[in-house]
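A short worksheet on the structure shown next.
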There are 4 protein chains.
Amino acid sequence: MPKVSDEHLEMRRDQILESARACFARKGFHQSSMQDVIKESGLSAGAIYRYFKSKDDIIAALAARTAGSLDRLLEEITAQEPMPPLEEILGQYAAAVVDNAGPDGAIRLAPHAWSAALASPELLDGARQPMAGLRAHLVRLAERMQVEGLLAADADPHAVGATLLCFLPGFVIQYLLLGDIDARTIRSGLHALLAPDAT
Amino acid sequence: MPKVSDEHLEMRRDQILESARACFARKGFHQSSMQDVIKESGLSAGAIYRYFKSKDDIIAALAARTAGSLDRLLEEITAQEPMPPLEEILGQYAAAVVDNAGPDGAIRLAPHAWSAALASPELLDGARQPMAGLRAHLVRLAERMQVEGLLAADADPHAVGATLLCFLPGFVIQYLLLGDIDARTIRSGLHALLAPDAT
Amino acid sequence: MPKVSDEHLEMRRDQILESARACFARKGFHQSSMQDVIKESGLSAGAIYRYFKSKDDIIAALAARTAGSLDRLLEEITAQEPMPPLEEILGQYAAAVVDNAGPDGAIRLAPHAWSAALASPELLDGARQPMAGLRAHLVRLAERMQVEGLLAADADPHAVGATLLCFLPGFVIQYLLLGDIDARTIRSGLHALLAPDAT
Amino acid sequence: MPKVSDEHLEMRRDQILESARACFARKGFHQSSMQDVIKESGLSAGAIYRYFKSKDDIIAALAARTAGSLDRLLEEITAQEPMPPLEEILGQYAAAVVDNAGPDGAIRLAPHAWSAALASPELLDGARQPMAGLRAHLVRLAERMQVEGLLAADADPHAVGATLLCFLPGFVIQYLLLGDIDARTIRSGLHALLAPDAT
DNA sequence: CATGAATGAGGCTTCATTCAT
DNA sequence: GATGAATGAAGCCTCATTCAT
């Protein structure tokens, strides 16, 4: 029963992670008790602990999985051919954020994950790597822009990538806290900022 | 110690808030126990609770105070005359973030505060108002830019302000997690992005 | 220990209430810490709180249960056929009080419950109802006495019932504080008082 | 300054005891914090502790004082010449209870004092003596009744006194908890009970 | 003498985790 | 494998009491 067992195991882990995500997205890691996660999952306490060593283990697994999907998302967006204008790229990202910011949405995990990572060295790496990965995509994007002549040849692609990266967590925070902006806001704001100076 | 001046009282509150800030900045709100704050402050449990009703009360007071100082900072930066270029404005902000991101630095509170606000309706307002205040400054900045012809006359200042606001929390998150950027990175990245397209 | 019978659950509640009763009877509600109750019960803190929401919850459950048993007792005593003389009825009640006034006895709860009820509106109703119930029995008794010609036809059964009710808490207090009286004292005292005037 | 000082001291003690009585009567001994007593008294914490060694000391002093006044009251009532009928004597006592059962009334202390006495050996004696004293008055009353031929010559005055004593705390408890009775209820109930059997 | 800020032990309760069934 | 009752350390907070001013 190896194959079946493995599949089964993976499904159980998924089920647990989904429940945990919903809880954590709603109330954060510390406000959600394991009891909450257990109830949401429909499993028993013992069952949960058969699949995950501890609450921190669940958090780490969740962070990894979420980071992975964010990474894929940004990769898709930045790799489009032909390269869309910058405002379109960040606009698509903003739209994806908005789409995933429902009450249980995965995006709501992000601020809790950043906070947790800054509070505990064990989680820090888990949060750095996806952030570094996102930046790598944006640095690559800057390089493409240089190649296509959309960016000065002497610009530092790393600096440009890092600067663009600010938008990503920044939009998440602003959107989740204030909620009165959307992808169009970003597109229009960026369009105005990036346009050749008004004359 | 009998009747004591109002100053003294205010100083005690400060002392407690400073200790709490150090603890919370290091480990977040939930990982820091009141015992930690108490030890850090050098006072006793009872003394703390003479000045603050609860741990949440301390958190709220701290959030308010920190928000206030961030607001003043951005106001100073955006109100400079003559208006510095955008890259300079955001660069100065980034520099201030870096300056306040030491191990106990006030800036390290921000991600914890955002996370906490998203986890508890009671704290939400406390985090929204400063964020909205920061945006107001940036919207005003956009209006000034329009007046000075640095921004298209038909641009929406609100959209531009919201877009710029993404930089602020975004830089905080990126800097605290990755740490390998600084104000120069932002200045140079923005300079490249805002320059008339390379030709 | 997985799923367990409802009986078991009820037994656990009983076990906890019994332990609490012993503690509270000995030292009152406030002098008994939850630690005391926990130690007495042989369970852990967490186990107690699986069955009761709070210390107050335990107190309320205990009060309800004790009130119920007092009520049943007085009902049995007053409903006897043929109706015993008054001195016998109150004498039996006094005997029951004495029987239940051992170091951990249920009767020792009563003064603490009265005190607690007078100190907190939440508990007040819980103490009033049993007292009103006891009086109802005694009012009924007075009515029976009228029917049987043992009480003047124009007597107010409510007043007689209320007057008789004084004996009950009064004996409890006197017995617990002084301890040098018993059922015989009451029987003999009442016999002398109720007898036709000496001539 | 000996005399003045002594008077002053006694006045301060009175002031403190009055405040404590009000607090304790309202909320019981344990629900009233020293802070409550301090605020009510208008003095400072330090001042209170100059006049009383501890909270328990205040409670004991208060119990003694209250007991004394109850004793005097019952003495007056039972010593009247010519001896009023029993229903009148207990009726007067009931009236006095009602008079002193206002929100801060001294009578409201009694149940708390009984509860406290049963919970702590140190306070027990303080509550027994007044109760024993009250009984002594009632035993003497029974003896007078015998002398006047109102009680069978072979009745045991001690048993009669103890039986009558039940009325006193019993009325206090019933009145404070239910509140729907008064001196008239007692007079009328006793009148009916003590009257020669209806015929 | 008076003040009231400070103390710190101890109270109630929660919750991540285990393990007997 | 699954269950969920049980554990117990640790968290937040209160409050009788003290003592520097």
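Sequence lines set the chain letters: A, B, ... in the order given, protein chains first and strands last, and positions in each chain run from 1.
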message = Suppose we define a pair by two distances each less than 3.5 Å, Watson-Crick or G-U wobble; what does dG10(E) pair with here?
response =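 Matched dG10(E) with dC13(F) under the 3.5 Å cut-off.
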ask   = Does any nucleotide pair with dT7(F) by Watson-Crick or G-U wobble geometry, both distances under 3.5 Å, and what is it?
value =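 Its partner is dA16(E).
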key: C1' gap between dT21(F) and dC1(E), integer Å   =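 Nearest-Å result for dT21(F) against dC1(E) at atom C1': 12 Å.
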[X] side-chain proximity, nearest of [options]:
| X | options | value |
| --- | --- | --- |
| Ser54(D) | dA2(E), dT17(F), dA5(F) | dT17(F) |
| Met34(A) | dA16(E), dT7(F), dA2(F) | dA16(E) |
| Ser44(A) | dT3(F), dT17(E), dA5(E) | dT3(F) |
| Tyr49(A) | dT18(E), dA6(F), dC15(F) | dT18(E) |
| Ala45(C) | dT3(E), dT14(F), dA9(F) | dA9(F) |

key: Closest non-hydrogen atom pair, Ser115(A) against Pro111(B)   =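 Closest approach of Ser115(A) to Pro111(B), heavy atoms only: CB-O, 3.7 Å.
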query = What is the minimum heavy-atom distance between Leu177(A) and Leu118(B), and which atoms define it?
reply =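 Smallest interatomic distance, heavy atoms only, reads CD2-CD2, 4.0 Å.
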Could you tell me how far apart [X] ([atom1]) and [N] ([atom2]) are, to the nearest whole angstrom?
| X | N | atom1 | atom2 | answer |
| --- | --- | --- | --- | --- |
| Ile38(A) | dA2(F) | CD1 | P | 14 Å |
| Phe52(B) | dA5(E) | CZ | P | 15 Å |
| Gln35(C) | dT7(F) | CD | P | 13 Å |
| Phe24(C) | dG11(E) | CZ | P | 13 Å |
| His30(C) | dT14(F) | NE2 | P | 16 Å |
| Asp57(C) | dC12(E) | CG | C1' | 14 Å |
| Arg13(D) | dC1(E) | CZ | P | 14 Å |
| Ile48(B) | dG11(F) | CD1 | C1' | 15 Å |

query = Could you state the interatomic distance from CZ (Phe29(C)) to CG (Leu62(C)), rounded to the nearest 0.5 Å?
reply =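 If we round to the nearest 0.5 Å, Phe29(C):CZ and Leu62(C):CG are 6.5 Å apart.
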request  = Please round to the nearest 0.5 Å and tell me the distance separating atom CG of Asp14(B) and atom OH of Tyr51(B).
outcome  =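 Rounded to the nearest 0.5 Å, the CG-OH separation comes out at 11.5 Å.
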inquiry  = So Ile58(C) and Met34(C), do their side chains get closer than 4.5 Å, heavy atoms only?
reply    =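 Of all side-chain heavy-atom pairs linking Ile58(C) with Met34(C), at least one is under 4.5 Å.
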Earlier contact from the 5' end, DNA chain F, for Arg50(C) and Arg12(A) =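 Its nearest nucleotide lies further toward 5', so the answer is Arg12(A).
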query = Base, sugar-phosphate, or nothing: which does Leu43(B) touch, judged by heavy atoms less than 4.0 Å apart?
reply =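 Sugar-phosphate, no base atom in range.
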task = Could you tell me whether Tyr51(B) contacts a base, only the sugar-phosphate backbone, or nothing, with contacts defined as non-hydrogen atoms closer than 4.0 Å?
result =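 Sugar-phosphate: the residue Tyr51(B), judged by heavy atoms under 4.0 Å, touches backbone atoms but no base.
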task = Would you mind telling me which residue lines up with the more 5' stretch of DNA chain E, Gln31(A) or Lys53(A), judged by nearest nucleotide?
result =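 Here Gln31(A) is the residue nearer the 5' end.
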ask   = Considering heavy-atom distances to DNA chain E, does Ala47(C) or Phe29(C) have its closest nucleotide positioned more toward the 5' end?
value =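 Result: Phe29(C).
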